[in-house]
Amino acid sequence: ILLVTMVVLRLLLLFLYGLVTICESVKRNVTYDSRGLLIDGEHVLLLSGGMHYSRGTPTAWDHVMKLAKQMGLNNIQTYFMWNIHEPLKKGDLVWSGSANITQFMELAMKNDLYVTLRI
């Protein structure tokens, strides 16, 4: 069971390595030990709530993130919905409005929240 736990933690580390860094200006050192996840040398327990950025309006994102923070959450989990970004024809990409994932991630950073991006 310890071997399985270590494999799962390694996969989690690889997955989170790019996700914990919310934007280029914020770099995080993500590692793990036998007790769990370490971010910048400190153990972190991710308490997460789900919020699909493309199913809400950008004007509501900040309010919902503030509510999540008030509830004690430190992580927002969202799903990258490719059909929102490429809705009609391959190559015609949409990154504005409710599809503006960059704005969503920046708001999370401003609200001191990590983001787990499910792909």
Side-chain angles (χ1 to χ4, degrees):
I1 209 161
L2 181 59
L3 181 59
V4 171
T5 302
M6 294 304 290
V7 169
V8 168
L9 281 174
R10 284 182 186 181
L11 290 172
L12 178 65
L13 174 66
L14 290 173
F15 183 69
L16 288 176
Y17 182 77
L19 302 180
V20 173
T21 302
I22 296 172
C23 74
E24 285 296 315
S25 64
V26 178
K27 299 290 183 185
R28 303 285 186 184
N29 181 22
V30 181
T31 58
Y32 66 94
D33 65 11
S34 61
R35 290 184 51 220
L37 186 68
L38 290 117
I39 300 176
D40 294 334
E42 294 186 27
H43 284 99
V44 175
L45 176 63
L46 295 178
L47 300 173
S48 183
M51 179 179 173
H52 296 145
Y53 64 96
S54 62
R55 291 188 175 154
T57 60
T59 55
W61 293 343
D62 188 55
H63 176 69
V64 173
M65 288 181 189
K66 283 181 178 17
L67 290 175
K69 195 71 176 168
Q70 288 174 2
M71 291 188 303
L73 303 180
N74 63 357
N75 188 67
I76 294 293
Q77 181 188 81
T78 192
Y79 182 74
F80 187 89
M81 296 179 201
W82 192 249
N83 61 324
I84 299 298
H85 298 284
E86 195 175 39
L88 300 175
K89 183 171 91 172
K90 189 172 184 172
D92 288 342
L93 301 176
V94 177
W95 301 103
S96 60
S98 62
N100 191 341
I101 193 167
T102 303
Q103 180 185 2
F104 182 83
M105 302 281 274
E106 288 172 348
L107 276 172
M109 183 177 67
K110 287 179 186 173
N111 284 288
D112 196 29
L113 291 163
Y114 297 109
V115 174
T116 302
L117 181 61
R118 295 173 47 209
I119 299 174

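Quick caveat, the model's predicted, so the values are computed rather than measured.
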Using the ring of each side chain (for Trp, its six-membered ring), is W61 parallel, tilted or perpendicular to Y53, with breaks at 30° and 60°?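 The rings of W61 and Y53 stand perpendicular, inter-plane angle above 60°.
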
According to the salt bridge (charged side-chain N to carboxylate O under 4.0 Å, His left out) rule, which pairs have a member within residues 45-65, sequence neighbours left out?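 Those involving residues 45-65 are D62-K66.
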
With a 4.5 Å cut-off on side-chain heavy-atom distances among I, L, V, M, F, W and Y, is there a chain of contacts connecting L93 to L117? yes

Show me the donor-acceptor pairs, under 3.5 Å and distance only, between side chains in residues 94-102 and residues at least two apart or in other chains.
unit_1: N100; atom_1: OD1; unit_2: T102; atom_2: N; d: 3.3
unit_1: N100; atom_1: OD1; unit_2: Q103; atom_2: N; d: 3.0

First locate atom [atom1] of [X], then atom [atom2] of [Y], and finally report the distance between them rounded to the nearest 0.5 Å.
X: N75; Y: L113; atom1: CG; atom2: CG; result: 7.5 Å
X: D40; Y: T31; atom1: CG; atom2: OG1; result: 9.0 Å
X: I76; Y: L107; atom1: CD1; atom2: CG; result: 11.0 Å
X: E42; Y: L37; atom1: CD; atom2: CG; result: 12.0 Å

Shortest non-hydrogen separation from D112 to K69 and the atoms involved: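 Between these two residues, the closest heavy atoms are O-NZ, 3.0 Å.
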
Between M81 and S54, which heavy-atom pair has the shortest distance, and what is it? SD-OG, 3.2 Å

Could you work out, with ring pair (Phe, Tyr, Trp, His ring centres under 6.0 Å) as the rule, every residue matching Y79, not counting sequence neighbours? none

Among residues at least two apart in sequence or on other chains, which ones pass salt bridge (charged side-chain N to carboxylate O under 4.0 Å, His left out) with K110?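 Partners of K110 by the salt bridge (charged side-chain N to carboxylate O under 4.0 Å, His left out) criterion come out as none, since no residue qualifies.
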
Please write out which residues are connected to L47 in a hydrophobic cluster, directly or through intermediates, given that two of Ile, Leu, Val, Met, Phe, Trp, Tyr count as joined at side-chain heavy-atom separations below 4.5 angstrom. L45, M71, L73

Any heavy-atom pair between the side chains of M65 and F104 that's under 4.5 Å? yes

Once side-chain contact (heavy atoms from CB on, under 4.5 Å) is applied, do any residues pair with V64, and if so which ones, sequence neighbours excluded?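 For V64, the residues satisfying side-chain contact (heavy atoms from CB on, under 4.5 Å) (neighbours in sequence not counted) are M51.
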
